[in-house]
Amino acid sequence: MVQRNADRLRGLIEDLLILSRIEAQNLDIAHERLDLGEVVRNVTESLQPAAVRAGLALVEQVEPAEVIGDALQLERAVTNLVSNAIKFTLGGGSVTVGPTVDEHVATITVADTGIGIPEAEQEHLGTRFFRSSTAQHRSIPGTGLGVNIVQAIADAHGGGLDFDSVEGEGTTFRLAVPLWSAGAGSPTT
């Protein structure tokens, strides 16, 4: 129990430090060419054991998506989204993750068949320390910082984050980042 509480405290401190660096514009974001497919593979590989323990199917749908960004920070963002999807999905459900490419943007979608977020509370999602009533009533652990961190990482990459959720049916998050422009050697605009 002591170890579990120490791990939770360490995680909270790390989350707060990341947020403070982002707010101070002191978070180093690499601007390198990378494949979001590899980011997704790394995250699903590391979280597959958690999905198995929860009795969930973790489905990876990978297509190549070259973007400009920071692989470590994007992995942190996707890990937060997939971890949340696993936490908020009951056994027998599924979590699907993968990138898609549009004209100027690559979007990583994380969709679950979980408990969803009550409609009246959705406007608060991403607010620091917000936890939905369904999470609180089911005693699902968390700090309420994950979505806030993902939004900050998306913003730091010149991208965005949006979601859809239906209580009792699931939630879908979409993390968008600019594509790599081969001709210009920079993000497309």
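Every value quoted in this text rests on a predicted model; they were computed, and no experiment measured them.
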Note to self: Quick check on Glu38: does its CD atom have over 12 non-hydrogen neighbours (other residues, nucleotides or ligands) under 6.0 Å away?
What the structure shows: no
Next item on the list: Compare all side-chain heavy atoms of Val150 with those of Phe173 and state whether any distance is below 4.5 angstrom.
Entry: no
Item checked: Minimum heavy-atom distance Val101-Ala65, with the two atoms named -> CG2-CB, 3.6 Å
Check: Distance from Leu36 atom CG to Leu175 atom CG, nearest 0.5 Å?
Finding: 8.0 Å
Could you pull out all donor-acceptor pairs under 3.5 Å where a side-chain atom in residues 105-114 meets a protein atom, sequence neighbours excluded?
from   : atom 1 : to     : atom 2 : distance (Å)
Asp112 : OD1    : Gly114 : N      : 2.8
Asp112 : OD1    : Thr171 : N      : 3.0
Thr113 : OG1    : Ser94  : N      : 2.9
Thr113 : OG1    : Ser94  : O      : 3.4

Notebook entry, point to check: If every non-hydrogen atom of Pro178 is compared with every non-hydrogen atom of Gly158, which pair is closest and at what distance?
Noted result: CG-O, 3.8 Å
Next item on the list: Among Val97, Val177, Val78, find the one that has a side chain to side chain contact (heavy atoms under 4.5 Å, CB included) with Val39.
Entry: Val78
Notebook entry, point to check: Just wondering, do Asp164 and Arg174 contact through their side chains at under 4.5 Å, heavy atoms?
Noted result: yes
Checklist line | Between OG1 on residue Thr89 and CG on residue Leu58, distance to nearest 0.5 Å | finding: 10.0 Å
Checklist line | Straight-line distance of Leu81 CG to Arg76 CZ, nearest 0.5 Å | finding: 13.0 Å
Note to self: Are Val82 and Glu60 packed together at the side-chain level, in the sense that at least one heavy-atom pair is separated by less than 4.5 angstrom?
What the structure shows: no
Item checked: Glu75 to Val43 - nearest heavy-atom pair and separation -> O-CG2, 3.8 Å
Notebook entry, point to check: Do Glu66 and Arg33 have side-chain heavy atoms sitting under 4.5 Å apart?
Noted result: yes
Next item on the list: State, to 0.1 Å, how close Leu90 and Leu56 come at their nearest heavy-atom pair, and which atoms those are.
Entry: O-CD2, 2.9 Å
Note to self: Ignoring hydrogens, what is the shortest heavy-atom contact between Gln73 and Ile153? Give both atom names and the distance.
What the structure shows: O-CD1, 3.5 Å
Next item on the list: Can you sort out the partners of Glu45 under side chain to side chain donor-acceptor pair (under 3.5 Å), two or more places apart, ordered by chain and number?
Entry: none
Next item on the list: Only counting residues at least two apart or in another chain, list the ones meeting side-chain contact (heavy atoms from CB on, under 4.5 Å) with Gln61.
Entry: Val59, Thr96
Margin query: So which atom in His157 and which in Asp70 form the shortest heavy-atom distance, rounded to 0.1 Å?
Written below: NE2-N, 2.9 Å
Notebook entry, point to check: How about Asn80 and Val147: do any of their side-chain heavy atoms sit closer than 4.5 Å?
Noted result: no
